[in-house]
Amino acid sequence: MSVFTNVLKQIKQAANHSSIPPSIFEQLKNPERILQFSFPVTMDNGSVKVFEGYRVQYSSARGPYKGGLRYHPQVNLDEVKALAFWMTVKCAVVGVPLGGSKGGVKVDPKKLSAGELERLTRALTRRLALFIGPQKDVPAPDVNTTPEIMAWVRDEYEKIVGYQEPAVVTGKPLNSGGSQGRVLATAQGGMYVLQELVNKLKIKPKQTTVAVQGMGNVGGIMAQLLYQAGYRVVAMSDSSGGIYNPRSLDVPAAEKFKKQNGSLKNFPNTKAISNSKLLELPVDILIPAALENQITDKNVSRIKARVIFEMANGPTTPEADIKLAKRKIIVVPDVLANAGGVTVSYFEMVQNLQQYYWHEGEVMTKLKPIMIQAFKQVWQRAEQLKLSLRTAAYVIAIERIAQAIEARGKY
Ligand code: GLU
């Protein structure tokens with residue numbers, strides 16, 4: 001399944017509902033630049049392994065390229081292109097002055113030692129260095145990449161250029177120029193959007209059941225925040241499988257259990273379920289917060305949730321999207337739901353460039369209105385044009401990107 005083919009369908013659909021000129025539509029169909037890397041890393045046993053990676057710089061119309069860097073065995077160019085386009089849309093939906101990019105290395109980081117991971121990151125940075133920078137392209141954490149990895153990118157980059165440049169990468173640890181609230185930002189941004197949606201639907205957290213797929217920086221924190229806000233989180237999972245209790249789960253205890261035991265397996269008073277079964281549970285809200293292509297033509301008819309709240313990037317395929325819309329299942333798209341992460345990445349760049357750092361409260365006070373406004377604009381446009389929230393978000397984003405392209409003039 002080509003994820004980028006899905007993207008092209010999404011762009012076409014949005015273009016049909018907006019009045020952007022055909023030449024701009026043509027420009028949006030391909031990334032501005034694709035970088036492909038190959039680099040050697042010395043492993044702990046002395047052998048040398050060659051790794052492959054990509055950086056796709058999709059659009060710089062609205063600002064420097066911006067987007068995460070993922071380490072995953074299934075990374076491929078098609079996927080990275082799609083992810084880079086989604087970053088472009090995401091930044092436009094929340095209105096931060098950034099373009100879109102994404103990078104990835106084909107590697108299973110769980111099989112590397114800490115030393116190997118650091119050497120791999122530094123080797124990658126040496127390949128990337130010419131093409132990144134605060135006014136060029138700014139990487140950030142994504143699947144399997146951490147604040148520590150971002151600190152290595154910063155350090156290696158600064159060794160190459162010979163000056164301090166913390167804004168070359170975001171999602172750094174606090175003691176390496178990171179922003180307060182960045183780790184929390186994606187999940188917290190999602191909560192701000194969810195709160196607005198819940199108000200619209202007039203549902204009460206205490207009566208609302210939720211299933212969360214994924215326990216990383218996004219799914220894990222989101223489950224905690226939902227639990228704290230009084231939602232009934234009934235299912236959670238990590239990459240090896242999940243747990244289910246139709247009444248509700250003690251999320252903090254489950255997190256602790258996973259930390260101690262490495263997985264959720266055998267967590268008391270729960271039934272073990274697979275990741276695919278989690279998606280089909282009879283819940284009010286389903287939150288995919290792991291990888292793309294989870295809700296597809298194959299399983300969409302078995303989805304029972306009333307709302308799909310996409311904290312992962314690209315979890316729903318276009319075919320599934322159409323069928324969900326027919327069944328009046330609300331899909332809150334990734335480019336809106338998880339945009340809190342890149343918004344605080346933008347705040348991190350601003351703080352780095354100003355050498356002036358904010359408190360967590362200040363970060364959240366600035367994040368909240370951005371997320372709420374983006375939700376309201378998308379909701380309103382969806383109602384106006386009788387479109388899904390996703391297509392409405394794309395229409396808004398594509399119009400903004402088109403305006404930025406046009407403002408630059410023809411060349
Ligand atoms: N990887 C995150 C995303 O997909 C964050 C990107 C960023 O902060 O640049 O939105």
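The residues Glu255 and Lys258 are annotated as not salt-bridged, no charged nitrogen and carboxylate oxygen being separated by less than 4.0 angstrom. The existence of a salt bridge linking Lys49 and Glu116 is excluded, since no basic side-chain nitrogen approaches an acidic carboxylate oxygen closer than 4.0 Å. At a threshold of 4.0 Å, the pair Arg122-Glu118 counts as salt-bridged, since one of the basic side-chain nitrogens sits closer than that to a carboxylate oxygen. Between Lys9 and Glu319 there is a salt bridge, since at least one side-chain N of the basic residue sits less than 4.0 Å from a carboxylate O of the acidic one. The existence of a salt bridge linking Lys200 and Glu383 is excluded, since no basic side-chain nitrogen approaches an acidic carboxylate oxygen closer than 4.0 Å.
The main-chain N or O of Phe131 is found under 3.5 Å from a side-chain atom of Gln57 such that the two form a donor-acceptor pair. Side chain of Asn245 to main chain of Thr270: no donor-acceptor pair is present (N/O by atom type, distance under 3.5 Å, no hydrogens or angles). In this structure, the side chain of Arg70 does not engage the main chain of Val75 through any donor-acceptor pair within 3.5 Å. At distances below 3.5 Å, at least one donor-acceptor pair connects side-chain atoms of Asp334 with backbone N or O atoms of Gly314. The backbone N or O of Gln74 sits less than 3.5 Å from a side-chain atom of His72, completing a donor-acceptor pair. Proximity of a side-chain donor or acceptor of Lys66 to a complementary backbone N or O of Val342 within less than 3.5 Å is not detected. With Asp137 contributing its side chain and Ile132 its backbone, the two residues share no donor-acceptor pair below 3.5 Å. A side-chain donor-acceptor contact under 3.5 Å links Asn299 to the backbone of Gln294. Judged by distance alone, with hydrogens and angles left aside, the side-chain atoms of Gln213 form no donor-acceptor pair with the main-chain N or O of Pro288 at under 3.5 Å. Judged by distance alone, with hydrogens and angles left aside, the side-chain atoms of Asn6 form no donor-acceptor pair with the main-chain N or O of Thr317 at under 3.5 Å.
Annotation: the span from His17 atom NE2 to Ile396 atom CD1 amounts to 13.5 Å, rounded to 0.5 Å. Taken from CG in Leu8 to NZ in Lys81, the straight-line distance is 7.5 Å, to the nearest 0.5 Å. One distance of note links CE of Met215 with NZ of Lys259; it measures 8.0 Å at 0.5 Å rounding. With rounding to the nearest 0.5 angstrom, the OG atom of Ser60 is 9.0 Å from the CD1 atom of Ile405.
Within 6.0 Å of the CZ atom in Arg247, the count of heavy atoms belonging to other residues, nucleotides or ligands does not exceed 12. For Gln355, the CD atom sits in a loose shell: 12 or fewer heavy atoms of surrounding residues, nucleotides or ligands are nearer than 6.0 Å. Within 6.0 Å of atom NZ in Lys298, 12 or fewer heavy atoms from other residues, nucleotides or ligands are found, so the atom counts as exposed in its surroundings.
Using a 30° and 60° split on the angle between ring planes, Phe267 and Phe257 fall in the perpendicular class, above 60°.
Of the N and O atoms on the side chains of Tyr58 and Asn30, not one donor lies less than 3.5 Å from an acceptor on the other residue. Thr88 and Ser59 are not linked by any side-chain donor-acceptor pair at a separation below 3.5 angstrom, with hydrogens and angles left out of the test. Under the 3.5 Å distance criterion, with hydrogens and angles disregarded, no donor-acceptor pair is assigned to the side chains of Asp284 and Thr208. Side-chain contact of Ser345 with Arg182: a donor-acceptor pair under 3.5 Å is present, judged by distance alone. Using modelled atom types, one finds a donor on one side chain and an acceptor on the other under 3.5 Å when comparing Ser101 with Arg55. For the 3.5 Å distance criterion, the side chains of Arg154 and Gln164 qualify, holding a donor opposite an acceptor.
For the residue pair Pro205 and Ala229, the shortest heavy atom distance occurs at CB-O, 3.7 Å. Smallest separation of non-hydrogen atoms from Leu197 and Ile330: CD1-CG2, 4.3 Å. For the residue pair Gly219 and Ala289, the shortest heavy atom distance occurs at CA-CB, 3.6 Å. Gly262 and Asp238 make their closest contact through O-OD2, 4.3 Å (heavy atoms, listed as atom of the first residue, atom of the second, distance). The two residues Pro109 and Asn144 come nearest to each other via the heavy atoms CG-CB, 3.6 Å. Residue Lys172 comes nearest to Gly177 through the heavy atom pair CE-O, 3.3 Å, listed as atom of the first residue, atom of the second, then distance.
For the pair Ser388/Asp321, no side-chain contact is recorded, criterion being any heavy-atom separation below 4.5 Å from C-beta on. With a 4.5 Å cut-off on side-chain heavy atoms, Arg381 and Leu387 do not count as touching.
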> Step by step, would you call Tyr71 with Asp142 a side chain to side chain donor-acceptor pair (under 3.5 Å)?
Replying inline: CA-CA 8 Å; Tyr71 290 172; Asp142 197 75; over 6 Å; no
> Checking side chain to side chain contact (heavy atoms under 4.5 Å, CB included) for the pair Leu184/Ile221: CA distance, chi angles, key distance, verdict?
Replying inline: CA-CA 7 Å; Leu184 196 72; Ile221 301 180; 3.8 Å; yes
